[in-house]
**Q** 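Take this structure, written in structure tokens, and hold onto it; I'll ask about it next.
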Amino acid sequence: MKLMKLGARPDTFFTSGPVRSVYTEVATDLQILVDHCLFRLHKFPLLSKCLLLQDLCADSDAVELPGFPGGAEAFEACAKFCYGIAVTVGAHNVVLLRCAAAHLGMTEAADRGNLGAKLDAFLASCLLRRWRDALAVLRATARHAAACEELGVTSRCVEAVAILITDPGSSASEAGCSSSPWWAPDVSELGVDLFWRVMVAVKAAGTVKGRAVGDALKVYARRWLPNVAKSGYLVEQTDGSTGSADVAATNHRFLVEKMASLLPAERNAVSCSFLLKLLKAANVLCASAATKAELMRRAALQLEDASVSDLLIPSCASETLYDVDAVMGILEELALRQAAAAGIPEASPPHARGHRRSRSAESSEFEGARRSTSAAASHGAMVWIGRLVDGFLMEVAKDPNLPLNKLVAIAEAVPDCARPEHDDLYRAVDTYLRVHPEMDKSSRKKLCRVLNCRKLSETASMHAAQNELLPLRIVVQVLFFENARAAALSGPGASRVAGVAGGVKALLAKTREAGGEEATMDEQRLRGLAGGVPGDKDWSVEGLKRAASRISTLRMKLEEEEDDDDADDGAFVHRARPGLVRSASSRVRALCAIPAGKPKRMLSRLWPSSRSIAGSERH
């Protein structure tokens, strides 16, 4: 630490209780009360250098200086300078002395070579050129912020620290530490206002990379931001203060908003995990809407780098465990940016006009954006985002207070190209159904529309075929596609029918509950198929196709009744065609009575029908 010595005379000041005076042969003729301490001094040395005392002592020999900057210690140092007594000045007391000298009017107008000018020269020529001293002086300005701002000390210190950071040839490199960036730990000790001003100056210089600025932000956040938990946030009084919880929350909210404004423009300057941590803190601390929007916008740019735990943002404004609206906002921002990168005209967000956009519209926007090589995310990144969202859905589906429409909205926000398989999405749907057993039939249908049975793996299909919580239509779709895949194979494919047969058994169990005794004969007629063996013991490809055609026919008949089931959920629908019965057992008998011939023609009827039905469901 650099020091400066002013004056050469020995110290003759002494203290007697609350009184401070100086040893001289001349009696004192001036009394000054500062911070409950009475100074008995002489007018001549003080008034010759202090304009304030000249005005106050014009009519009285006893004056009081209330609210003196630095208190009695700072006033005593100024008084010693007036007497020519040696005073040591360094980074630890230069701010106090400069504020005290300004308060007393110790300027060049009072006397040449006065204290104020000497302190300014010492700051400019020595202290502000050394890293440690400049930081110490800058931290000291926080105690007398108003006076330092008026004198320009704070702005000079901020500028000096920024120059030392951005200039590789400065003496600051000698004081740097081994971490990168070297200056981040030291700057993290500053208050929010000073840190923000230094970082603004550093960014304006343009010589420090965005990643270095981002690393400094992470160091500062680790030092001052509280830990965010599911139930709220834990205030850490790292500075030793004992302020109330409201004051601490206000300070932390101010900190989050300032840090959001300092984020570098470069992509990947900070990690997506860090951005989402800031968003968690902003959400819990009720930061401004502009701050949240900026953090969501930045997170959408690099969402593929996030993890599921990063997206689990605690919710404070609703009864849900996590803020799914924030995640939905990120996905909407991602969709808009993908569309803009692909040159697609800007569309309204999914919920901006009171209704949800169809999945085909979302898919077309993302597919067009994926073809852009400039700013659009690659296909691999989109697939990773799809897995990330499905993992998030599996977690939030455990929340019993999560509304169905929000779960469906997030599931539909991911385009089809980002989901090569639907296993994780199926697990989220299954979890939500188990957590919400009170869901009615129409709600279950709405939830299951997000699934594409073609994209389920064999394991997931086997589970879905025996899942009693799924609508019957979904179970039949799963069985149909599994049998169609098995029919397309030769010998190895035949062994897969045995697994699908478990789903047929579950379907028969539902039918038996609905049809009672009438279903017994149908179950006997389908026993061979449920056991994994076609009724005629035919294990040829033709026999497998006949089994697939029987399941697909039942699927077609059930889908024909879907629209009428929504109108009257408790009864089966009358058909105009004669001989078509309404009970569940009769429909199974109709399945068994279908001739086994021409399976290829039956499959050719069902494949385009299934595609058209799936397309209409998305709309």
Side-chain angles (χ1 to χ4, degrees), residues 1-16 18-24 28 30 32 34-42 44-53 65 68-108 110-145 147-148 151-154 156-157 160-161 164 171-172 174-175 186 189:
M1 179 181 293
K2 194 72 174 178
L3 300 176
M4 178 180 67
K5 187 176 181 180
L6 298 175
R9 296 178 57 186
D11 188 3
T12 56
F13 271 66
F14 68 93
T15 301
S16 176
V19 178
R20 297 186 186 183
S21 186
V22 58
Y23 288 110
T24 60
T28 60
L30 178 63
I32 303 175
V34 179
D35 196 16
H36 305 290
C37 184
L38 181 62
F39 287 86
R40 293 178 176 175
L41 305 173
H42 303 84
F44 174 73
L46 291 177
L47 270 60
S48 63
K49 295 182 180 295
C50 302
L51 294 177
L52 176 63
L53 295 181
L65 301 178
F68 191 83
E73 297 297 330
F75 179 81
E76 181 177 343
C78 293
K80 289 180 178 179
F81 173 80
C82 295
Y83 279 92
I85 297 175
V87 178
T88 302
V89 181
H92 64 289
N93 64 351
V94 65
V95 172
L96 293 179
L97 293 180
R98 185 64 186 89
C99 293
H103 189 80
L104 291 173
M106 301 178 70
T107 63
E108 294 298 293
D111 188 19
R112 292 186 60 183
N114 215 337
L115 181 59
K118 290 184 178 294
L119 293 177
D120 287 339
F122 181 57
L123 278 170
S125 63
C126 187
L127 294 183
L128 297 186
R129 294 187 178 185
R130 300 170 60 88
W131 175 251
R132 299 290 183 187
D133 291 337
L135 275 179
V137 174
L138 182 58
R139 285 195 297 267
T141 60
R143 297 182 57 185
H144 303 281
C148 291
L151 294 171
V153 176
T154 304
R156 281 186 286 165
C157 292
V161 171
L164 293 174
S171 60
E174 301 175 0
D186 293 332
E189 298 299 322

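The model shown is predicted, which means the values in this text are computed figures rather than measured ones.
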**Q** Do L46 and L104 have side-chain heavy atoms sitting under 4.5 Å apart?
**A** no
**Q** Taking the side chain as every heavy atom from C-beta outward, state whether L127 and M4 have any pair of such atoms under 4.5 Å apart.
**A** no
**Q** How many angstroms lie between CZ in F81 and SG in C50, if you round to the nearest 0.5 Å?
**A** 9.5 Å
**Q** Taking N93 for its side chain and T88 for its backbone only, find out whether a donor-acceptor pair lies under 3.5 Å.
**A** yes
**Q** Check the pair L52 / L65 against side chain to side chain contact (heavy atoms under 4.5 Å, CB included), numbers first and verdict last.
**A** CA-CA 10 Å; L52 176 63; L65 301 178; 4.1 Å; yes
**Q** Are C148 and V95 packed together at the side-chain level, in the sense that at least one heavy-atom pair is separated by less than 4.5 angstrom?
**A** yes
**Q** Could you check R156 against D120 for side chain to side chain contact (heavy atoms under 4.5 Å, CB included), going step by step and ending with a plain yes or no?
**A** CA-CA 10 Å; R156 281 186 286 165; D120 287 339; 3.4 Å; yes
**Q** Between L115 and V87, is any pair of side-chain heavy atoms under 4.5 Å apart?
**A**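 Side chain of L115 against side chain of V87, heavy atoms only: no contact under 4.5 Å found.
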**Q** Check A117 against E108 and note the closest heavy-atom contact, atom names and distance.
**A**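 Looking at all heavy atoms of both residues, the shortest contact is CB-OE2, 3.2 Å.
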**Q** Check whether any side-chain heavy atom of L96 sits under 4.5 Å from a side-chain heavy atom of P69, and report yes or no.
**A** no
**Q** One pair to check against side chain to side chain contact (heavy atoms under 4.5 Å, CB included): T24 and T12. What are the steps and the verdict?
**A** CA-CA 8 Å; T24 60; T12 56; 5.5 Å; no
**Q** Among H36, H144, H103, find the one that has a ring pair (Phe, Tyr, Trp, His ring centres under 6.0 Å) with F68.
**A**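 Looking at H36, H144, H103, the match for F68 under the ring pair (Phe, Tyr, Trp, His ring centres under 6.0 Å) is H103.
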**Q** What's the shortest heavy-atom distance between C78 and A101, and which atoms?
**A** SG-N, 4.2 Å
**Q** Counting only heavy atoms not in F14, do more than 12 fall under 6.0 Å of its CZ?
**A**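 Buried by this count: over 12 neighbours within 6.0 Å.
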**Q** May I ask you to test the F39-T28 pair for a side-chain heavy-atom distance under 4.5 Å?
**A**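 A side-chain contact under 4.5 Å is absent here.
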**Q** Testing the basics here: between A134 and L164, what is the closest heavy-atom pair and its distance to 0.1 Å?
**A**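 Residues A134 and L164, closest heavy atoms: CB-CD1, 4.0 Å.
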**Q** Do any N or O atoms from the side chain of T141 and from the backbone of T154 form a donor-acceptor pair under 3.5 angstrom?
**A** no
**Q** Pick one: which of H42, K49, R9 meets side chain to side chain donor-acceptor pair (under 3.5 Å) with Y83?
**A** H42
**Q** CG of L41 to CD1 of I32: how many Å apart, nearest 0.5 Å?
**A**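 Separation between the atoms: 5.5 Å.
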**Q** To the nearest 0.5 angstrom, please state how far the CE atom of M106 sits from the CG atom of L97.
**A** 9.5 Å
**Q** Which atoms form the tightest heavy-atom contact between G71 and D35, and what is the distance?
**A**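 Here G71 and D35 meet closest at CA-OD2, 4.2 Å.
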**Q** So L6 and K80, do their side chains get closer than 4.5 Å, heavy atoms only?
**A** no
**Q** Measuring from atom CG of L128 to atom CZ of F122, what distance do you get when rounded to the nearest 0.5 angstrom?
**A** 9.5 Å
**Q** If I take atom CZ from residue R130 and atom CG from residue L135, how far apart are they, to the nearest 0.5 angstrom?
**A**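 Nearest 0.5 Å value for the CZ-CG distance: 12.5 Å.
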**Q** Answer yes or no: is there an ion pair linking E189 with R139, defined by an N-O contact shorter than 4.0 Å?
**A**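 Salt bridge absent between E189 and R139.
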**Q** Distance from C82 atom SG to L47 atom CG, nearest 0.5 Å?
**A** 9.5 Å
**Q** Can you check whether K5 reaches L3 side chain to side chain, under 4.5 Å on heavy atoms?
**A** no
